[in-house]
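Take a look at the structure below.
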Amino acid sequence: MDLWGTILVLFRRWYVVLPAFVLCIGASFLVYTRIPVTYTSQGVMLITIPTTGATVPDDPRLANPLSNPLVSFDYGLNMTASLLIQALGTAETAERLGVPPGGDVEYKVSNGSTNPELMMSGPFVFVEAEAPDPGTATALVAKVMAQADVELARRQKAVGAPPKTFLTITHVVEPTTPEAKKGSRSRAAAAAAALSFMGSLTAAFGVESFATHRRARRRPASGPGTYPHVPVHTGPRAEQTV
């Protein structure tokens, strides 16, 4: 069916389309109001080398100077940031921070890029938390940033880095003021509206198809094997013909 044919059906079956459209608006509004608003807060950290450097002064008793293994290779700070991002994003760390999987509270740690191939793009660590309560979102970002300090210190001790060369974390952006995230509600309402509109079209064409089929059944059949009705005369005229 072409466009004009579709429009004609919609106008002819307005008594079906109009109630369906009203239901569409009502369903969209219901979905929009039932989905809770969530709030997001963000924080940014920077991994830095101490002012004394990543190597302790030479010791005549040692063959080689002591240095921090986490920055003893190219892109050391970038690699350290990548390790920290992966450590903070594990399910075990989330459980430790009181964020069980599958809940309505969650957080994300990244380098600011959605491309996993750019994991080592810089010494920055971005934290974003989402929660139904603004205070919970801000508190969670602060907890993740505090856990980053603990995790970095633990890993430097594990590789035997001299304490004087320990890398530190600078909070470039403290947990931001939570902002309402309405994108999920809008997408859900739009999806409900689209599905309801498709349902109204289906209802209109269903009624049109039913009406067409009903008219076809009421129409008298004609074609091969069907003959017009011929009246049979009885009485004197019929006897004369015989």
Side-chain angles (χ1 to χ4, degrees), residues 36-56 66-184:
V37 178
T38 57
Y39 297 86
T40 58
S41 178
Q42 299 177 345
V44 182
M45 299 177 288
L46 173 66
I47 302 176
T48 58
I49 299 176
T51 56
T52 56
T55 304
V56 297
L66 297 178
S67 60
N68 192 329
L70 293 182
V71 288
S72 297
F73 42 82
D74 294 338
Y75 306 103
L77 291 180
N78 298 358
M79 178 67 75
T80 303
S82 175
L83 294 174
L84 196 58
I85 290 171
Q86 297 180 53
L88 293 174
T90 61
E92 292 75 14
T93 302
E95 289 279 358
R96 195 178 304 118
L97 295 174
V99 185
D104 54 358
V105 178
E106 58 183 10
Y107 71 91
K108 177 176 60 176
V109 184
S110 67
N111 66 339
S113 173
T114 57
N115 188 353
E117 296 180 358
L118 301 178
M119 184 66 76
M120 296 186 301
S121 61
F124 290 93
V125 178
F126 293 77
V127 181
E128 180 179 356
E130 181 176 347
D133 178 70
T136 302
T138 304
L140 182 55
V141 173
K143 290 173 65 175
V144 175
M145 296 176 75
Q147 183 63 29
D149 293 325
V150 175
E151 191 68 30
L152 181 59
R154 185 179 69 83
R155 291 185 176 273
Q156 291 182 102
K157 291 178 182 178
V159 297
K164 292 183 178 181
T165 66
F166 271 21
L167 303 177
T168 58
I169 294 180
T170 302
H171 292 183
V172 179
V173 177
E174 295 291 345
T176 60
T177 302
E179 296 181 358
K181 186 177 181 181
K182 300 180 180 179
S184 57

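Computed from a predicted model, the values in this text were never measured in an experiment.
- In terms of heavy atoms, Val127 sits closest to Met45 at CG2-CE, 3.8 Å.
- Looking at every heavy atom in both residues, Phe124 comes nearest to Ala81 through O-CB, 4.2 Å.
- When each of Gln42, Met145, Lys143 is checked for a side-chain contact (heavy atoms from CB on, under 4.5 Å) with Pro175, only Met145 meets the rule.
- By the side-chain contact (heavy atoms from CB on, under 4.5 Å) test, Asp149 is found to be paired with Ile169, His171, residues two or more places apart in sequence or in another chain being considered.
- Residues Val109 and Ile85 share a closest heavy-atom pair of O-CG2, 3.4 Å.
- Listed by first and then second residue, the side-chain hydrogen bond (donor to acceptor under 3.5 Å, both in side chains) pairs involving residues 153-163 are Asn68-Gln156, Glu151-Arg154, Glu151-Arg155 (not counting sequence neighbours).
- Here Thr40 pairs with nothing under the side-chain hydrogen bond (donor to acceptor under 3.5 Å, both in side chains) rule; sequence neighbours left out.
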Which donor-acceptor pairs under 3.5 Å do the side chains of residues 133-142 make with protein atoms, sequence neighbours left out?
unit_1: Asp133; atom_1: OD2; unit_2: Gly135; atom_2: N; d: 3.1
unit_1: Asp133; atom_1: OD2; unit_2: Thr136; atom_2: N; d: 3.1
unit_1: Asp133; atom_1: OD2; unit_2: Thr136; atom_2: OG1; d: 3.3
unit_1: Thr138; atom_1: OG1; unit_2: Pro134; atom_2: O; d: 3.2

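- Among all heavy-atom pairs drawn from Ala153 and Phe166, the shortest one is O-CE2, 4.3 Å.
- Inter-residue side-chain proximity for Lys164 and Pro50 is flagged as unmet; no heavy-atom pair is nearer than 4.5 Å.
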Check: residues 91-102 side-chain donor-acceptor pairs under 3.5 Å, at least two apart:
unit_1: Thr93; atom_1: OG1; unit_2: Ala87; atom_2: O; d: 2.8
unit_1: Thr93; atom_1: OG1; unit_2: Thr90; atom_2: OG1; d: 2.9

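- In terms of the side-chain hydrogen bond (donor to acceptor under 3.5 Å, both in side chains) criterion, Thr176 has no residue partners (sequence neighbours excluded).
- Other residues, nucleotides and ligands contribute more than 12 heavy atoms inside 6.0 Å of the CD atom of Glu174.
- Here the side chains of Phe126 and Val44 are in contact, with some heavy-atom distance below 4.5 Å.
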